[in-house]
Protein chains: 2
Amino acid sequence: MSSTRVLLLGVLLDGPLHGYEVRRRLEMWGADAWANVAYGSIYHGLGKMADEGLLHRVEEGKGGRTLYEITEAGRAEFLARLMSHWWEIKPIVDPFQVALTFMDRLSPADLTAAMKARAVQLRAAIEMLGRAIEAKRGHGAPRHIDETLRLNAAQLQAQLTWIEDAVGRVGRGELP
Amino acid sequence: MSSTRVLLLGVLLDGPLHGYEVRRRLEMWGADAWANVAYGSIYHGLGKMADEGLLHRVEEGKGGRTLYEITEAGRAEFLARLMSHWWEIKPIVDPFQVALTFMDRLSPADLTAAMKARAVQLRAAIEMLGRAIEAKRGHGAPRHIDETLRLNAAQLQAQLTWIEDAVGRVGRGELP
DNA sequence: TGACAGATACACAAATTTGAATAAAAACTT
DNA sequence: AAGTTTTTATTCAAATTTGTGTATCTGTCA
């Protein structure tokens with residue numbers, strides 16, 4: 001989808017890379033936590049955008065590696081799509097909303113157990129993100145990448161707050 | 001994906017429906033704000049699960065309509081997958097994270113303008129969700145569906161809070 | 001009544017995503 | 001140095017998602 005294309009173009013802004021390295025960088029930025037960056041998606045996207053002239057294939061002989069270099073058209077496309085990502089509010093796809101939708105289909109006991117277990121996991125995940133931010137995410141990620149971690153943590157915190165409230169309401173029979 | 005399947009199975013728990021009506025219900029629950037529920041996804045998912053024995057096709061003659069009825073295997077699958085949605089924390093796919101990742105590629109002026117415009121839109125969206133909850137979402141949606149709206153609002157609020165903070169930091173040159 | 005907008009109902013090609021498989025090169029082990 | 005594991009690098013079929021196209025039905029207003 002559009003997001004994947006922005007990510008690929010964005011990674012290639014500062015110089016050509018091959019598919020595997022592209023994926024490495026995205027993983028370093030934690031993109032696997034909020035985007036579709038499986039290898040198949042990467043290689044498909046690179047190939048497609050090369051066909052469309054947004055990227056240029058640079059063969060590298062050695063062991064079949066192919067470098068992809070962004071073209072001028074690619075840079076223009078990147079900026080346009082990046083702008084639309086800033087200006088347009090697009091749906092946040094969240095599997096937990098599916099769980100919520102059918103909370104009435106679990107027994108109160110199962111529901112409470114699931115909520116408590118989830119709360120524990122969420123606290124752990126949030127704490128881990130906090131430590132990652134402290135540790136400056138080490139590697140070679142630019143400073144503003146921390147912001148994605150912060151936002152991610154805030155989203156998980158929103159979910160945790162909802163759950164902590166909901167546990168009480170389920171206990172008092174106010175939910176579902 | 002797995003979430004779509006849970007949604008389809010869940011909608012069919014209380015009786016057979018045809019594809020269009022399935023989509024109507026999901027839209028009524030606001031699922032288009034946090035899941036992939038385009039018509040193509042619905043019809044494909046229904047057909048596939050029918051082939052797999054999770055649903056049973058019931059022809060209805062009139063104008064080519066096909067009703068889908070959940071099977072016992074389908075109910076089992078629903079419960080199993082619903083549980084996994086409660087117990088496992090799966091990535092929240094958020095296009096705005098892509099925007100954040102490349103905030104350093106916009107001029108400070110463009111960035112500030114985009115953030116301010118987005119903040120306005122977010123406040124409007126959050127208020128609209130609030131009103132939808134007040135209005136009990138009218139139609140025929142069960143009461144606990146409000147919770148999905150609340151969680152959605154909380155996620156948008158988390159984003160708004162981040163932006164309000166970030167506008168200041170960009171202004172002071174602390175970001176990016 | 002008939003014409004036309006809108007709602008109902010589905011189908012389909014193209015694009016994307018998933019998940020696993022493959023194979024070569026590098027690093028380690030004994 | 002031969003064997004084993006790990007990392008690098010890509011490919012592929014199958015599943016899913018998107019976006020749009022088509023046909024039928026229903027209400028309504030002149």
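In what follows, every chain begins at residue 1, and chains take the letters A, B, ... in the order their sequences are listed.
- If you check every strand for non-hydrogen atoms under 4.0 Å, Arg23(A) touches nothing.
- The listed nucleotides are dA15(C), dT17(D), dT10(D); the one nearest the side chain of Thr4(B) is dT17(D).
- A 4.5 Å side-chain heavy-atom check between Arg118(B) and Leu122(B) finds at least one atom pair inside the cut-off.
- Here dT8(C) is the nucleotide among dT8(C), dA15(D), dT18(C) with the atom lying nearest to any side-chain atom of Arg24(B).
- The shortest heavy-atom contact between Ala132(B) and Leu149(B) is CB-CD1, 4.2 Å.
- Ranking dA20(C), dA11(C), dT18(D) by closeness to the Tyr39(A) side chain, first place goes to dA20(C).
- Comparing dT10(D), dA15(C), dT18(C) by their closest approach to the side chain of Thr66(A) singles out dT10(D).
- No side-chain heavy atom of Asn152(B) sits under 4.5 Å from any side-chain heavy atom of Thr148(B).
- In this model, the phosphate group of dT18(D) is approached by a side-chain N or O of Asn36(B) to a distance below 4.0 Å at OP1 or OP2.
- Within residues 15-22 of chain B, the residues that have a heavy atom under 4.0 Å from DNA chain C are, in order of number, His18(B), Gly19(B), Tyr20(B).
- Atom P of nucleotide dA11(C) and atom CG of Leu46(B) are separated by 11 Å, given to the nearest angstrom.
- Closest approach to the Tyr43(A) side chain among dT18(C), dT11(D), dT17(D) is made by dT11(D) (side chain taken as heavy atoms from C-beta onward).
- Scanning both residues, Leu55(A) and Ile70(A), for their nearest heavy atoms gives CD2-CA, 3.8 Å.
- Protein atom CD1 of Ile42(A) is 16 Å distant from nucleotide atom P of dT8(D), rounded to whole Å.
- Relative ring orientation between Tyr39(B) and Tyr20(B) is described as parallel, the plane-to-plane angle staying below 30° on a 0-90° scale split at 30° and 60°.
- Nearest to the side-chain atoms of His44(B) among the listed nucleotides dT18(D), dT11(D), dT16(D) stands dT16(D).
- Between Asp32(B) and Leu26(B) there is no side-chain heavy-atom pair separated by less than 4.5 Å.
- Residue Ala38(B) places its side chain closer to dT18(D) than to any other of dT16(C), dT18(D), dA15(D).
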